[in-house]
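Order of the sequence lines sets the chain letters (A, B, ...), proteins ahead of strands, with each chain counted from 1. These numbers were taken from a predicted model, which means no experiment stands behind them. Note that these values count all heavy atoms, side chains included, but never hydrogens, waters or copies made by symmetry.
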Amino acid sequence: MAKRNHHFSFAAASARYDAWWLGQRLDRPPVSLWVEPRHPASAPRSNHATLRDRWLDAKFQVESAYAHLSHNPAYGDCVPSFFPNVGPDLVSTLFGAELVFGESTSWCQHTVHELADWERFIATPPDFNNPYWQAIEEMIALAADRFGGRFYVAQPDLHGNYDILAGLRGPEDLCLDLIDDPELVRRACSHASRAYLEAYRRVYQRLTSLGQPCTTWCSYLHNGPAYIPSCDFLCLVSKDIGEDFIRPAVEQETAPMERTIFHLDGPQALHHLDMVLRLPRLNAVQWVFGAGHGRASDWLEVYRTCRQAGKAVQILAEDAADALHVLRELGPDGVWLLVGTPFKNANQATAFLEEVHVLSA
Amino acid sequence: MPQLSELTAAVAAGKRTDTVRLTQELLAAGSAPQDIVEKGLVPGMAIVGEQFKKNEIFVPEMLVAARAMKEALKLLEPLLASAGIKPKYTAIIGTVQGDLHDIGKNLISMMWRGANFAVIDLGTNVSADKYLAAAKEHNANLVGLSALLTTTMPAMKDTVRILKAAGLSTKIMVGGAPITQAFADEIGADGYAADAGTAVDIAKKLVGQAA
Ligand code: B12
């Protein structure tokens with residue numbers, strides 16, 4: 001038998017994701033994994049005065065990614081891509097929110113200070129002419145040019161619906177607003193979702209015009225508009241609020257998508273799973289159980305519920321054993337395995353991929 | 001004169017206008033401020049805590065209840081203070097160093113206040129020294145530490161170690177999404193709770209009050 005090649009292949013990975021989105025499998029499920037680098041990459045050094053300068057320095061970000069990507073061969077179906085990123089609150093910045101940068105993330109400063117401010121927000125169109133959006137556009141252009149087709153450029157992280165509002169107002173005040181004037185908040189959310197869709201449209205068009213595939217921080221592939229609907233705010237609210245407010249907003253945001261994977265975050269959000277599974281345009285679920293809540297193998301019931309509802313699942317496995325256990329239990333159809341702990345070397349990674357092949361036969 | 005049970009129901013339902021009106025009426029009719037707190041408001045927050053524990057209500061409903069109680073306390077606190085009545089127990093609370101998540105911590109703080117603890121909230125990103133200084137200054141019965149990030153769990157561990165090393169009699173409670181009973185035991189905390197309702201039961205046990 002010819003030896004299988006386990007290096008990333010765009011054609012093979014695309015075909016696997018195509019099948020996965022539809023709850024099926026090709027030769028095996030898509031697999032995302034990493035291998036510990038043998039030598040540290042010679043990435044450019046940051047001489048930036050502030051974290052903000054570093055984050056917004058498009059050239060630095062692209063060069064760092066280039067150094068990393070050229071140094072670490074990609075295995076399995078892990079798309080070797082650069083993810084232009086200023087943090088998840090990008091859409092909130094279109095309404096004047098300033099970002100505060102930490103080492104590995106950013107969050108935004110509130111601009112909606114009282115309930116009545118939502119009217120002002122609703123009257124404000126999104127402004128794409130801001131430093132954060134501009135930095136993202138610059139990163140996309142630079143990366144596409146620098147990579148010359150060797151690596152890919154991904155879509156940035158866009159928090160949607162009530163997460164946009166929570167970024168502008170703070171999650172606790174948003175909770176109170178939802179009780180004090182639900183219809184006003186609903187209108188605000190619809191405005192936020194329109195901006196989200198416009199942001200998505202711009203990014204999608206730009207990347208497509210540069211010949212880039214559709215992928216993002218979650219490294220799926222699809223030849224057409226695909227994204228990760230989400231609402232971290234869900235973990236704070238009742239099923240009723242999920243159903244009456246969040247569901248319509250997510251439906252609005254997924255309407256133009258061909259493929260979607262819902263990012264469901266944390267056990268406190270699990271009571272919304274039914275609602276999520278009833279979303280008409282949903283293909284898949286990324287269930288994030290989070291630290292302190294066991295391994296993927298402890299959440300088989302959730303995966304089964306998703307599969308029974310006809311949705312594909314992404315499995316966030318801790319290590320190879322965890323991934324293989326889930327694969328044996330669920331079978332290979334509609335399953336995408338992500339192994340969180342990097343493999344020690346390429347041999348271990350390829351041995352794991354072989355095992356996935358065998359189990360999927 | 002309204003019944004204290006009406007006030008309890010108003011708080012539990014988060015009706016702040018009713019809560020304030022009933023408090024005013026009870027005061028006008030001669031109810032003792034301490035009774036209004038202990039027999040009217042506190043049971044309201046206890047109902048909310050139970051409902052939250054059972055996933056019957058969620059964060060918005062907790063927040064409106066706490067807001068209603070807070071408005072009533074604005075009327076009552078000056079009267080309690082002038083009568084020299086203070087809550088029996090004092091708790092310090094904060095989110096550990098490096099961590100900015102505070103929704104869970106705020107709920108615990110509200111529920112402890114709702115159970116008639118005096119609560120000093122140190123906010124987020126709190127260093128071990130700051131907890132220690134506050135625990136000493138206020139002679140706290142209880143210190144609550146919250147952490148939501150795996151990267152700040154070590155800061156929680158250090159804080160517990162430093163508080164314990166200072167030899168205070170203060171009890172330490174920990175919580176937050178990635179925290180488990182096993183982790184709490186491992187770092188030597190006195191108590192752990194997975195939610196704001198249980199946090200009240202455990203806090204009362206720890207400070208020696210019948211739960
Ligand atoms: C809201 C949120 C935010 C908001 C915080 C707003 C705020 N004012 O708190 C923002 C957007 C600012 C934020 C920022 C970040 N976040 Co955040 N965030 C969340 C989210 C969605 C909800 C957390 C929450 O409030 N839950 C609701 C409350 C009520 O629950 P709780 O905190 O667990 O509290 C309950 C119990 O745990 C317990 N409890 C809590 N504290 C205490 C204390 C004591 C003494 C006791 C007894 C009990 C107790 O009782 C509470 C009530 O029942 C979670 C995901 C999730 N679904 O959990 C991620 C999450 C916690 N965040 C995460 C991350 C990575 C971050 C960031 C680093 C990156 C980012 N951009 O998202 C930054 C970090 C900034 C920093 N340095 O802290 C990760 C943490 C991963 C990990 N395990 O380390 C999570 C799990 C998301 C994820 N899946 O990746 N976040």
Exercise. Under 4.5 Å, counting heavy-atom pairs only, tell me which of B:Ile103, B:Val64, B:Leu149, B:Ile57 racks up the most with chain A.
Key: B:Ile103
Quiz prompt | Side-chain donor-acceptor contact under 3.5 Å, B:Gln97 with B:Ser127 | solution = no
Quiz item: Measuring heavy-atom distances to chain B, does A:Leu174 have an atom under 4.5 Å in its side chain, in its backbone, in both, or in neither?
Solution: neither
Quiz item: Which one, A:Gly292, A:Cys175, A:Pro267, leads in non-hydrogen pairs under 4.5 Å with chain B?
Solution: A:Cys175
Quiz item: Donor-acceptor pair, B:Ser31 side chain versus B:Ile36 backbone, under 3.5 Å?
Solution: no
Self-check item: Side chain / backbone / both / neither for A:Asp177 at chain B, heavy atoms under 4.5 Å
Solution: neither
Quiz item: Between B:Asn55, B:Asp102, B:Asn106, which has the largest tally of heavy atom pairs under 4.5 Å with chain A?
Solution: B:Asn106
Quiz prompt | Heavy-atom side-chain proximity of A:Trp287 to A:Leu316 below 4.5 angstrom | solution = no
Quiz item: Between the main-chain N or O of B:Val207 and the side-chain N or O of B:Asn141, is there a donor-acceptor pair closer than 3.5 Å?
Solution: no
Quiz prompt | Portion of B:Glu56 that has a non-hydrogen atom of chain A nearer than 4.5 angstrom | solution = neither
Quiz item: Within the distance-only criterion (no hydrogens, no angle test), does the side chain of A:Asp117 pair as donor or acceptor with the backbone N or O of A:His113 below 3.5 angstrom?
Solution: yes
Quiz prompt | Heavy-atom proximity to chain A below 4.5 Å, by part of B:Ile179 | solution = neither
Quiz prompt | Contacting moiety of A:Ile179, where chain B heavy atoms sit under 4.5 Å | solution = side chain
Self-check item: Under 3.5 Å donor-acceptor, B:Asp195 side chain and B:Thr198 backbone
Solution: yes
